[in-house]
Protein chains: 2
Amino acid sequence: MSLVGQPWTLLVLRDLFNGVRRFDELADHLGIARNVLTRRLAGLVDDGLVEKVSYREPGQRARNEYRLTQAGWDLRPILLAVMAYGDIHLAGPEGPPLLLEHAGCGGSVVVRVECANGHPINPSDRLRALPGPGARYLSPTPH
Amino acid sequence: MSLVGQPWTLLVLRDLFNGVRRFDELADHLGIARNVLTRRLAGLVDDGLVEKVSYREPGQRARNEYRLTQAGWDLRPILLAVMAYGDIHLAGPEGPPLLLEHAGCGGSVVVRVECANGHPINPSDRLRALPGPGARYLSPTPH
DNA sequence: CGGTATCCTGAAAGATACTG
DNA sequence: CAGTATCTTTCAGGATACCG
C-alpha cells in the first residue's frame, strides 16, 4: 500500500499504462497540480516503478519522458481490477468511460480470479488463509 | 480511488475478507488506532461496502460484527492483485507472508488478466484504450 | 515546454482519556 | 468488549510564482 496507496499514484500510473508519457500531458490530462505531479513522479522513480528518460526525436529538441519499469508494468493488474470494479459499480447508466482491448485481437480485457487447478473463484467464494513461509507471526493468536 | 485509496481501507477490507469481523479483533490485528478504525468502518458503511450487524450467539451477550456487502466482496480481486504484486516484488527471500487457497480444492489463488477471446495478457502487452459509452470527453484531444 | 520553490490548507492518522 | 471524544501532528494536495 505504500507504493500505490496515495490518491494520485494509481491515476498517474493509469496514464503511463495508456501511453501518456510527458510531464505536461500528464498534468493536463489528470488535472493535477504540477508540483504535486513532480513529487508523485519523483516518488515513483524512487520506488523503482518509473524511469525518467531523456530522448530526442529527429529534428526536435531533447525531451523527457517517464517510462514504466518492469515493476511498474506489473502493477497493471491492480489498476485493471480497480477499473473492472468501477465499471460494474460506479459507472453511470451510459456505461464505462474507457474500454481496453487486447491490441492483438480486439477482445476486451477481463480480470479473472481462479485457483491453480483452473476453478473460477467468485467474489464471495470462501478462501482459506494460512501463514506463508514469510509469515511474521505463527498463527491467529500470536502472543 | 475514493473508495479504496485511503491508507487503511484496503487493510481493513483484507481482514474482513479473511473472516476477521469484530472491532477489537480488527484493532488488535491491524495495530490501527481505535478511533481511526471507528472512522474507517463508518466510512466503509457509508460507502455501502460493509454492514454493521448486531448478533447474539446462544448464551452470549449481544455483539456487533462488520460484514461485507456484495459491493464489498466485489473489491476482493483488487486486494488479490495487490497481494500478488507484493508476493512477487516485495516479499523477502523466505517467501510470501500469507497464502490463500481455494476452500474447495486447495489450489492457490491466481489473478489472471486475459482478453474476452481467452488470450492471456502479460503485464507489458500493449492494450488499446478507447473512449467507452460513458466517456466524458470525446477523444485524446478534447477542445 | 518542463519543470522547481514557497507557502498554505485540509484531511486523516495517532495518542490519550473516557463511557456503557 | 466496543466503541466515542478531544487534541495534536503529519503530510499530501493546491495555488502561485519563478526558471532555463
Side-chain angles (χ1 to χ4, degrees), chain A residues 1-16 19-47 49-68 75 82 140-143, chain B residues 1-16 19-47 49-68 140-143:
Chain A
M1 293 313 298
S2 64
L3 294 185
V4 296
Q6 280 143 350
W8 279 112
T9 304
L10 221 45
L11 299 170
V12 173
L13 288 171
R14 177 191 59 181
D15 276 17
L16 294 174
V20 181
R21 289 194 169 81
R22 297 220 310 276
F23 187 92
D24 277 24
E25 287 176 339
L26 289 165
D28 292 348
H29 185 235
L30 292 169
I32 185 178
R34 303 164 68 80
N35 54 350
V36 175
L37 180 57
T38 298
R39 281 203 300 256
R40 215 86 300 286
L41 287 169
L44 289 169
V45 170
D46 278 354
D47 290 338
L49 303 176
V50 167
E51 283 170 341
K52 181 176 181 174
V53 182
S54 278
Y55 73 103
R56 179 190 301 265
E57 286 181 3
Q60 305 284 320
R61 64 182 183 69
R63 292 172 178 280
N64 295 319
E65 66 174 18
Y66 294 88
R67 283 189 203 157
L68 292 157
L75 290 168
V82 173
T141 346
H143 72 142
Chain B
M1 293 311 297
S2 64
L3 294 184
V4 296
Q6 281 144 348
W8 279 112
T9 304
L10 222 46
L11 298 171
V12 173
L13 288 171
R14 178 190 59 183
D15 275 17
L16 295 174
V20 180
R21 289 193 169 83
R22 296 222 310 277
F23 186 93
D24 278 24
E25 286 176 340
L26 290 164
D28 292 349
H29 185 235
L30 292 169
I32 185 178
R34 304 167 67 79
N35 55 348
V36 174
L37 179 57
T38 297
R39 281 202 299 257
R40 214 85 302 284
L41 287 169
L44 290 169
V45 170
D46 278 354
D47 290 339
L49 303 176
V50 167
E51 284 170 340
K52 181 175 180 175
V53 181
S54 278
Y55 72 103
R56 179 190 301 267
E57 287 181 4
Q60 305 284 319
R61 65 181 182 71
R63 291 173 179 280
N64 295 321
E65 68 175 15
Y66 295 88
R67 285 188 202 157
L68 292 157
T141 346
H143 68 146

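Numbered from 1 within each chain, the chains take letters A, B, ... in sequence-line order.
Residue contacts shown for N64(A) are limited to sugar-phosphate atoms, with no base heavy atom under 4.0 Å away.
Considering only the side chain of R40(B), dA13(C) comes nearest among dA13(C), dG13(D), dT4(C). Nearest nucleotide to the side chain of Y66(B), out of dA2(D), dG14(D), dG3(D): dG3(D). Picking from dA2(D), dG13(D), dA12(C) the nucleotide with the shortest atom distance to the side chain of V36(A) gives dG13(D). Here dG13(D) is the nucleotide among dA13(C), dG13(D), dG14(D) with the atom lying nearest to any side-chain atom of P7(A).
Across the protein-nucleic acid pair, I32(B) atom CD1 and dA12(C) atom P stand 13 Å apart, rounded to whole Å. Atoms CZ (F23(B)) and P (dT19(C)) sit 17 Å apart, rounded to a whole Å. With rounding to whole Å, E25(B) atom CD is found 12 Å from dG3(D) atom P. Distance CG (D28(A)) to P (dG3(C)): 13 Å, rounded to an integer number of Å. Taking atom CZ of residue R22(A) and atom P of nucleotide dC1(C), one finds them 8 Å apart after rounding to whole Å. In this structure, CG of L41(B) is placed 13 Å from C1' of dT4(D), rounded to the nearest angstrom. Atom CG of L11(A) and atom P of dG14(D) are 11 Å apart (whole Å). Spacing between atom CG of L37(A) and atom C1' of dG2(C) amounts to 10 Å, rounded to whole angstrom units.
One finds a salt bridge joining E65(A) and R67(A) here, because a Lys/Arg side-chain nitrogen approaches an Asp/Glu carboxylate oxygen to under 4.0 Å.
Atom CZ of residue F23(A) and atom CG of residue N64(A) lie 10.5 Å apart, to the nearest 0.5 angstrom. Once rounded to the nearest 0.5 Å, the distance linking CG of L11(A) with CZ of R40(A) reads 11.0 Å. For the atom pair CD1 of I32(B) and CZ of R34(B), the computed distance is 11.0 Å after rounding to the nearest 0.5 Å.
Within residues 52-63 of chain B, no residue has a heavy atom under 4.0 Å from DNA chain C.
Side-chain contact check for R21(A) versus Y66(A): every heavy-atom pair is 4.5 Å or farther apart. You'll find the side chain of M1(A) stays beyond 4.5 Å of the side chain of W8(B), heavy atoms only.
R34(B) contributes a side-chain N or O that forms a donor-acceptor pair with the base of dA2(D) under 3.5 Å. Evaluation of atom-type donor-acceptor distances gives a pair under 3.5 Å for the side chain of R39(A) against the base of dG13(D).
Of the side-chain N and O atoms in W8(A), none sit less than 4.0 angstrom from OP1 or OP2 of dC11(D). In this structure, T38(A) reaches the dT4(C) phosphate: one of its side-chain N or O atoms is under 4.0 Å from OP1 or OP2.
For the pairing with V12(B), the side chain to side chain contact (heavy atoms under 4.5 Å, CB included) check across L16(B), L10(B), D15(B), T9(B) returns one residue only, L16(B).
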